[in-house]
Structure formats: C-alpha cells, structure tokens
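Down below is the structure, laid out as structure tokens.
Both counts, for ligands and for their atoms, begin at 1 and track the order of listing. Below, each value reflects all heavy atoms present in this structure, side chains not excepted, and no hydrogens, waters or symmetry copies. When a residue number appears, it is its place in the shown sequence, counting from 1.
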Amino acid sequence: MDIPWWRDAIVYEIYVRSFADASGDGVGDLAGVRERLPYLRRLGVDAIWLTPFYPSPMADGGYDVADYRGVDPLFGTLADFESLVAQAHELGLRVLVDVVPNHSSSEHPWFQAALRGERRDRYIFRDTTNNWQSTFGGPAWTQVADGQYYLHLFAPGQPDFNWRDPEVHAEFLDVLRFWLDRGVDGFRIDVAMGLYKAEGLPDVGDQSFKSVSPVWGQPEVHNVYRDWRRLLNSYPGERMAVGEVWTDSSEDLALYVRPDELHQSFNFAWLQAPWSPTAFKKVIDDTLASVPFATWVLSNHDVVRHRTRYGTADPGTGLARARAALLTMLALPGSAYLYQGEELGLPEVTDLSDEARQDPVFFQSKGELPGRDGCRVPIPWTVDPPSHGFSPGGVEPWLPQPATFAELSVEKQEGDAGSTLEFYRRALACRRDLVGLIPYTLEWLDSPEGALFFSRGPLTCAINCGLRPVHLPEHDTVLLSSGPLKGDLLPPDTAVWLMTSQDARRVKG
Ligand code: GLC
C-alpha cells in the first residue's frame, strides 16, 4: 500500500490573526503568512493549517463565519489566498483550511433571513428552551424579537445549523468543493462531533464538551463525513480531512476515522495527559489500539500552551518538559500537529489586562475564566518592540506582547544552537530522515521508575519524567536530546533519541 502523505506529516497550525501582519493594521493576514512560508519550509513542516480567514464579524475570532466562500478584508482577498496556496505548493508545503459546519455567524445571510421569519428551519428555533448551556458560559439560547429562541452552543453570534435540513448538507458539500477547486489539500473540521443534536432536544445532566450526550457525538454525523470522504476521494492529490473531535473515549474517537470517514482526528487525550510516564503510556496504548492513523498534538489556539501547562513554579522546568514532550511526540507513529510559537518555546501569556482581552469565553463567563487570548498573542519575529516584527513600522499588535517575547523572538534564537527554535529544526530534520527507516509500530522497553522507553526498529526514544537521572537504554549512537545528557545518564525532564544500529549514518538531520 502506498503511504499517504498525511500519515506521518508534521502539520503546523497558523492562527492567522496572530502569525504575521503584512498590511500594518496590527492583525495577522494571508500576505503575512505568504511572506513567512520560507521560515516554515526551513522549520521542516509538511503542511500548514490556516484558522478561519472568511468574512466574519469576529464574535469568536473568525469561527463565526458570515460567508463560507470569501476572505475577510482584515485578512486580504481571494487573490491573496490563491497566491498563498500557489507559493506553499511551490515550496512543497500542503495547505489545510478550517471548515466550521456546526454554526454560522449571526451575520450569515441565512440567519439574517431567519430573523426576518424566513426559512428558520435551517437553524434551531424553538418557542421554549431546554437547559443546555453555551460552551463559553451562560444559556445556549437567545430570544429574538418575536419571542422565539435560537440555539447557539457557543457565542450568541454563532447560531447552530439544523443539520436535519438537507439544504445545510448540500451547502457544505458545495463549500468544500469551492476550496478544493482552489487547490487546498484538505480541511480541519471545527467541532466535528457537533452538527446533530438529539431529536427533541432533551434536557441534559452533563453536557461536557468531552462526552457523548444529546448535545455532542450523535450517530447521524457520521453520514456527513461519509459524504465528505466521497467528495475528497473524487479529487486527485490525496485530499484529506482532520476532525476536531473532543470525546473522552478512544472507541468513540475511532468511529470518526473509519475507512470511509475522516482521515484523521485530533488526539486531545495526549494534550490532556499530565506530566507522568503512566499517563503518557496509557494514551499511547489506547491511541495505537483504537485508530489506524494516529495523530498527536500538544498545543493549539484553544488551550494553555504546553510549556506553561507542564511548568511548575520554575519556568525553566516547563520549557525543558515541553522540549522533551516534543521529542517523544515526534518519535510516535503517526502525524503531529504543531501550534505556531511552540517552536520558540512561547509560554502562555497570563497577565493580559481585562481591557486587552478579546475572547468571548472571558466575557460570557463574566471574567471567571481568563479565556484563550493567552495562547493567541502575536508571534515575536524580531527583538524590537512595539510588535517584535509582527507588524510593520510602529504598529501595536491586536493583543499586547509581554517584554519577555524579545528574548524568545525568531531573530534572537536563529543560529543559537541551544535555542528551542534550532532544537525544533534539528528534530524535524532528523524525523524526516527517520520516517523511511523505522516501522509504524512501537515496542515498549523495560523502563526505570519515572521513565518511559520505547523503540521503533533501530530508533529508541527515552523520556525521563521522574525526579532522578536514569541510565540510558542500550544504544550505539545518541541522535538528539531535548537537553544536556550527563554521560550515560538521562536527567529529569529530558528526552533522547538513540540509534541501536549503523542506521544512524543515514539520519543526517
Ligand atoms: C473550536 C475552535 C474554537 C472555537 C469553537 C467554536 O473549538 O477551535 O476556537 O471557539 O470551535 O467554533
């Protein structure tokens, strides 16, 4: 069987608002992404995933789409998108775009029509509400002028579609065609376990985003993905789809990636695992046992950056663990999704002022939850303020960057062998060479307390999550380590790649 490109791919998530601003308005845009493609090529990723850049009132950073077939002027034009795709392809980078099928913006023409009393069946309107809550806080229902309520599982500006209406189904097939015809290599599907709600909209006890309930994970959704798969298969070039599926069961997750459905689904269990060898081992075992093509992810635009998640009182520990987790993740079978800025070791920005915050989670929870702005702070490209090279000239970025970003900037790290950026570059380059040399399967090796050792053919990976150094497993060559080794010892919060054969010569990195 030919191995599809996405099986072992490294996909880099670009949160477009925060990556690079070419227009000089303080907000990242498509031209900014295009200018930085050589940086991504040099980093060594295979594909980029662009978060929504469609026309949107930005009630949820663009995940409230008013027109599924356009580009918001904030981010550029359709011509900018087309030249971005063309240049990415020239550089050998694939391009995935986000598709948001669970809900539209309240500014979408269909919802505007619904507000006028026309075709309300494309959304979920009722005379009375149930007890469902918005994922962002507060009730999931908002009343309109004539007294009816509409359902929004996220912000009030994100009305949920009624997927039992065939027109919704047909519309999304057409939206996918629109972007496939413009050369995209695939889609990241937002809230992929959403779309259908249980008939009758019964009250719920637990509506957690992570479990199957009348709100999430209804069986009908799988027919949608079967149709989408048929459409993707009808295009040349191995187009693919990856689902954002939050679920607490690996068996449920597996349903989304049956051979006639999605190609991949995010594996959030990996990102949710605490810093513990047993927790890591369990997720790895469950994943490899349940899905044919594994994926791994440590950070994205919705969660606290992993450097901070793993950090204790000492920020250095967080960075050491983040680097060790990366090396471990890149040694696992399957593909990995990186989030912009993790290659710089960016931490979560935790001290944003209330005035600076923009995430609806902060407002809908009435300030109880900080929201997700802390992982969305614009990328520092250069040392100098005000924007560290994010915007041209003296423009301030849409979210303020902390002064510590200067030291973490690309400019500062480039060429410094000890930097996290150069570590990522080396790790990705080695991995590229390794992919052809090692089997997809993984074998556990005896590991001392606190550590986890596994091998894939001639590659052995060891991570030490414990408090004491451990002896390295048997090897011929040390390929790469996430931090300094002490002779034959692997210090705490460190991971290493070892080769047990002469194959090391074939891994140049
Ligand atoms: C997904 C997105 C998140 C967004 C939500 C609603 O979880 O990743 O950013 O707020 O869907 O669209």
Numbering as shown, the atoms of ligand 1 that approach R372 to under 4.0 Å (heavy-atom distance)
3 (C), 4 (C), 9 (O), 10 (O)
Within 45 degrees of the ring normal and closer than 6.0 Å to the centroid, is that where the cationic atom of R323 sits relative to F423?
yes
Using non-hydrogen atoms of the residue, decide whether F136 is closer than 4.0 angstrom to ligand 1.
yes
So, applying side-chain hydrogen bond (donor to acceptor under 3.5 Å, both in side chains) with H152, which one of D64, T142, D160 is it?
T142
Six-ring centre of F293, R7 cation under 6.0 angstrom, axis tolerance 45°
no
In terms of residue, atom name and distance, what is the protein heavy atom nearest to atom 1 (C) of ligand 1?
D190 OD1, 2.7 Å
Which heavy atom of the protein is the closest neighbour of atom 9 (O) of ligand 1, given with residue, atom name and distance?
D302 OD1, 2.7 Å
For ligand 1 and H103, I'd like to know whether there is a polar contact (N/O to N/O, distance under 3.5 Å).
yes
State the atoms of ligand 1, each with its element, that fall below the 4.0 Å cut-off from a heavy-atom position in R376.
9 (O)
Suppose I only count heavy atoms of H301 and a 4.0 Å limit; which atoms of ligand 1 are within that range?
2 (C), 3 (C), 8 (O), 9 (O)
With sequence neighbours left out, what residues match E220 under side-chain contact (heavy atoms from CB on, under 4.5 Å)?
R164, Y196, Q218
What is the closest protein heavy atom to atom 7 (O) of ligand 1, and at what distance does it sit?
E244 OE2, 2.7 Å
With a 4.0 Å cut-off, would you call R122 and D165 a salt bridge?
no
What I want to find out is whether R372 reaches E348 closely enough, with some N-O distance under 4.0 Å, to be called a salt bridge.
no
Within 45° cone and under 6.0 Å: R17 NZ/CZ vs W398 ring:
yes
Out of D60, V65, V303, whose heavy atom sits nearest atom 4 (C) of ligand 1?
D60
Where ligand 1 meets R188 - atom numbers and elements under 4.0 angstrom, heavy-atom basis
2 (C), 8 (O)
